[in-house]
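These notes concern the structure reproduced below.
Below, read A as the first sequence line, B as the second, and so on, with proteins coming before strands; counting in each chain starts at 1.
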Number of protein chains: 2
Amino acid sequence: MTAFIGEFNCKLDEKGRLSIPSKLRAQFPEAVGNTLVVNRGFEKCLVLYTKEDWLDETAKLNTVDDFMSPDIRRFKRIFTNGANLVQIDGAQRILVPKKLLEYAELTAEVILVANGNKIEMWDQATYESELNVDSAEMSQLAQMFHQQRNQG
Amino acid sequence: MTAFIGEFNCKLDEKGRLSIPSKLRAQFPEAVGNTLVVNRGFEKCLVLYTKEDWLDETAKLNTVDDFMSPDIRRFKRIFTNGANLVQIDGAQRILVPKKLLEYAELTAEVILVANGNKIEMWDQATYESELNVDSAEMSQLAQMFHQQRNQG
DNA sequence: GGAGATTGTGGGAAATTGTGGGAAATTGAG
DNA sequence: CTCAATTTCCCACAATTTCCCACAATCTCC
């Protein structure tokens, strides 16, 4: 599995193109070629995957059978529905689909953040408020994480 | 795991480059190569890791699935927040990303402090006020540490 | 203490990267 | 079929980063 590192400030131009910082580009495995997958994130952000990691992600979905419940089917549909293939152009940029731009309310200033095998795309303003925690909340989160981790 | 020792005074030049004292450089395991990870610290400082140690830290995070809960995702984000890869150049320097310089308000005079497998980077002025404790406070802190430690 | 080696500091110049925009190609609507 | 809108491809300029060299400061060993 790929594990990306880094946080980058990028700009969207008026055409909705986002140039991928070379530091990040350099972390893509050879095999990526020029194709990535963008999808909606759970929060108000987008998520970039290598095609391979995306397939792993969808494989995870398929471990739960559609017969199970309407909600399962609905979740899968919504999750899969936002996914888009994007090509990296000659200037290291991708064209982000309009629908997704609107979903994440991306304007000009965008932050790319590595998160395991995913890369999240945030509007700068949104990102800053997401990261704005006081130490009380932080320690609460840490505790919660600790519990969840031990439960599996 | 690496365990660094020492406290060093360094200078940032106008390009934002920090030269790593040879005494510290000598403590890096061979395997480090020329790549380190810088991140924001909880306090107004930055933190340096070897890439390996950083991956170990984050591997813990990746054992918990993102589907789990919003809080999990938030915790991961806050934790990995400003991480950046940096390369050591031919003159034993790293280029500290502007964003992080601003965050820690680093000016010319910088202090590097070893702290387990991390190396903290402080602006000299900030560091001095951080260390400005009287003995009453010190013993109070020690007591608190002891309690927390026994609670787990 | 002095001479040579090593380390720290600064800056110039080349290479790379980021950004913008023009024009051709493609698509879709009427 | 034609026109408009979007997408793709390409080029060019600006900014940043990287690479390199040179000098200053410090350390080490004799």
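Spacing between atom CG of A:Leu12 and atom P of C:dG18 amounts to 14 Å, rounded to whole angstrom units. Distance B:Ile88 CD1 to D:dC19 C1': 16 Å, rounded to the nearest Å. Distance CZ (B:Phe8) to P (D:dT26): 17 Å, rounded to an integer number of Å. For the pair B:Asp13 CG and D:dA24 P, the interatomic distance rounds to 17 Å; values are reported in whole Å. With rounding to whole Å, B:Lys11 atom NZ is found 19 Å from C:dT7 atom P. Here the P atom of nucleotide D:dC21 and the CD atom of B:Gln92 are 17 Å apart, to the nearest Å. Rounded to whole Å, atom P of C:dG21 lies 16 Å from atom CG of A:Asp89. The CZ-P distance, from A:Arg93 to D:dC10, rounds to 12 Å in whole Å.
Taken together, the paired segments of DNA chain C that extend over three or more consecutive Watson-Crick or G-U pairs, each closer than 3.5 Å at both contacts, are C:1-30 with D:1-30.
Each of A:Asp53, A:Leu85, A:Ile119, A:Ile88 was compared with A:Leu36 under the side-chain contact (heavy atoms from CB on, under 4.5 Å) criterion, and only A:Ile88 meets it. Each of A:Glu102, A:Glu105, A:Glu130 was scored for a salt bridge (charged side-chain N to carboxylate O under 4.0 Å, His left out) with A:Lys44, with one residue passing: A:Glu105.
B:Glu14 comes within 4.0 angstrom of the backbone, heavy atoms only, and of no base. Nucleic acid contact for B:Ile20: sugar-phosphate only, since backbone atoms but no base atoms lie under 4.0 Å from a heavy atom of the residue.
Looking at B:Leu61 and A:Phe145, their side chains come closer than 4.5 Å, going by heavy atoms from C-beta outward. The side-chain heavy atoms of B:Asn84 and B:Lys99, taken from C-beta on, include no pair separated by under 4.5 Å. B:Leu112 is not listed as a side-chain neighbour of B:Glu120, based on a closest heavy-atom distance of 4.5 Å or more.
With salt bridges taken as basic N to acidic carboxylate O contacts below 4.0 Å, one links B:Arg74 and A:Glu137.
The aromatic rings of B:Phe4 and B:Phe28 lie perpendicular to each other, with more than 60° between the two planes, well past the 30° mark.
In this structure, A:Lys60 satisfies the cation-pi test against B:Phe67, with its NZ or CZ atom closer than 6.0 Å to the six-membered ring centre and inside 45 degrees of the ring normal.
Hydrophobic cluster membership differs between A:Leu101 and A:Val47, with clusters built from Ile, Leu, Val, Met, Phe, Trp and Tyr side chains linked at under 4.5 angstrom.
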Write down the protein N/O and nucleotide N/O pairs, taken from nucleotides 13-18 of chain D, whose separation is under 3.5 Å; answer none if there are no such pairs.
residue : atom : partner : partner atom : Å
D:dT18  : O4   : B:Lys15 : NZ           : 3.3

